[in-house]
Number of protein chains: 2
Amino acid sequence: MYNFEAFFDYIQEISGKLLSEDDKHLLMVHFKPKKLRKRQYFLQEGDVCRYIGFIVKGSARTFTVDEKGHENVLKLSVENWWLADFESFYLLTPSRFNIEALENLEVLQSTNAQIEEFLKNIPAFSAMQNVISQNYTIASQKRMQAAFSYTAEERYEDLIRNYPHFLKRFPQNMIASYLGLSPETLSRIRKNSFK
Amino acid sequence: MYNFEAFFDYIQEISGKLLSEDDKHLLMVHFKPKKLRKRQYFLQEGDVCRYIGFIVKGSARTFTVDEKGHENVLKLSVENWWLADFESFYLLTPSRFNIEALENLEVLQSTNAQIEEFLKNIPAFSAMQNVISQNYTIASQKRMQAAFSYTAEERYEDLIRNYPHFLKRFPQNMIASYLGLSPETLSRIRKNSFK
DNA sequence: CGATTAACTTGATTTAGGTCACGATAATGA
DNA sequence: TCATTATCGTGACCTAAATCAAGTTAATCG
């Protein structure tokens with residue numbers, strides 16, 4: 001029997017509401033634990049993203065590959081984050097993204113149809129969704145602004161401020177790509193910032 | 001008496017649910033019509049965004065100003081879109097953004113506290129919010145990807161594909177800024193793409 | 001453990017797009 | 001209506017960051 005406590009705590013904390021025993025039961029039945037080893041894929045480009053995953057342990061990156069084979073990291077995800085290409089997940093269209101485990105990964109996953117049920121039947125779950133989409137909206141507003149109006153160096157400083165733990169946890173070339181930089185440029189920025 | 005029909009139609013259509021007479025009454029009481037003339041501000045940097053506005057007529061831009069006085073357009077909004085800095089609106093923190101009317105603007109506006117009420121009491125309204133946040137999440141994902149992995153030219157082509165009416169409606173320098181480009185660069189791209 | 005592969009650094013060179021300057025149109029307003 | 005102020009186009013030049021290349025350090029695995 002998988003331990004759902006951390007998941008329940010997360011939902012209750014972020015939503016500000018309690019889960020009933022029935023709620024918990026429903027979640028336990030329909031969220032399936034899934035393990036991926038480092039470098040395995042949660043989602044591959046061209047596939048429909050049928051599952052949304054809640055990260056219990058580990059980390060992942062969401063990235064695209066352009067015509068020249070150049071990889072582009074759009075998102076780095078760690079514990080207590082949700083994993084999905086939302087466009088593909090909501091609209092059931094083939095995804096343009098890849099999602100790959102950067103460390104051994106444990107997720108709790110469920111389908112679009114099930115999520116609809118949770119939203120209908122579990123008040124804490126739909127309250128959670130509202131909070132998350134608020135947060136997501138705010139975060140993407142910020143990231144957009146960073147992308148367009150900050151220099152490479154400012155974006156790096158911004159990352160240090162907002163996600164200092166990323167620096168320890170992810171290889172530098174992933175961070176570079178996440179910031180929209182070449183690995184060489186990030187290396188040089190770090191060198192200079194030691195002054 | 002202000003004509004709310006277009007607003008009601010919008011809510012019903014996007015949510016897939018009907019509004020009762022009571023619902024409509026509640027909305028009419030708490031959404032206040034507001035008119036802004038071209039160049040007037042809906043929100044100024046440093047202020048808390050106390051109102052969210054639904055655009056009935058006209059258009060607006062959301063932008064920041066950096067230390068060098070350089071303006072940066074993050075969003076262009078037209079009829080049937082919502083106007084707010086969501087971070088400031090939800091968290092009641094001072095905004096880093098400006099929202100300015102690009103054409104004479106008519107909005108229906110309401111406060112955070114009222115929106116909470118609508119979400120609680122009007123099923124169509126909360127269904128609408130879910131759809132909008134899905135759409136918004138998808139749009140942000142796309143815009144993020146465009147910002148990071150497309151060239152200037154690709155971003156422009158993308159805009160032509162997705163929002164062709166923007167080109168007729170907004171001055172070219174606004175479009176340039178929205179795409180993260182200098183006006184000169186956009187002018188040159190347009191020149192080249194005539195081949 | 002040593003061998004292979006991945007991650008990082010540093011230098012030289014290139015390039016996309018920005019900045020500056022100025023003239024041409026077009027829009028706006030007294 | 002003319003004057004003023006935005007907007008747009010084009011050329012010359014500059015710069016931040018990418019690319020290419022090659023060596024170094026660190027991680028991974030049989």
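Every chain is numbered from 1, with letters handed out A, B, ... down the list of sequences. Not measured: the values here are computed from a predicted model.
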Can you sort out the partners of A:R37 under salt bridge (charged side-chain N to carboxylate O under 4.0 Å, His left out), two or more places apart, ordered by chain and number?
none
Roughly, in whole Å, what's the span from CD in A:E103 to C1' in D:dA27?
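For the pair A:E103 CD and D:dA27 C1', the rounded distance is 14 Å.
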Aromatic ring proximity, centroids under 6.0 angstrom, [Y] and [X]:
X      : Y      : answer
A:F148 : B:F148 : no
B:F54  : B:Y10  : yes
A:F97  : A:F63  : no

So which atom in B:V48 and which in B:P94 form the shortest heavy-atom distance, rounded to 0.1 Å?
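In this case the closest contact between B:V48 and B:P94 is CG2-N, 4.0 Å.
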Of B:T185, B:L181, B:L179, B:T151, the residue whose pairing with B:Y156 passes side chain to side chain contact (heavy atoms under 4.5 Å, CB included)
B:L179
Measure the spacing between OG of B:S88 and CD of A:Q141 and express it to the nearest 0.5 Å.
9.5 Å
Matching residue for B:F31 among B:Y2, B:F8, B:F118, B:F4 - test: ring pair (Phe, Tyr, Trp, His ring centres under 6.0 Å):
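It is B:F118, the one option of B:Y2, B:F8, B:F118, B:F4 that forms the ring pair (Phe, Tyr, Trp, His ring centres under 6.0 Å) with B:F31.
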I'd like to compare against my own output: the B/S/- annotation of nucleotides 13-30 of chain C with a strict under-4.0 Å heavy-atom distance to protein.
----SBBBB------S--
Can you list, by residue number, the residues of residues 156-179 of chain B that have a non-hydrogen atom closer than 4.0 angstrom to DNA chain D?
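Heavy-atom contacts with DNA chain D come from B:P171, B:Q172, B:N173.
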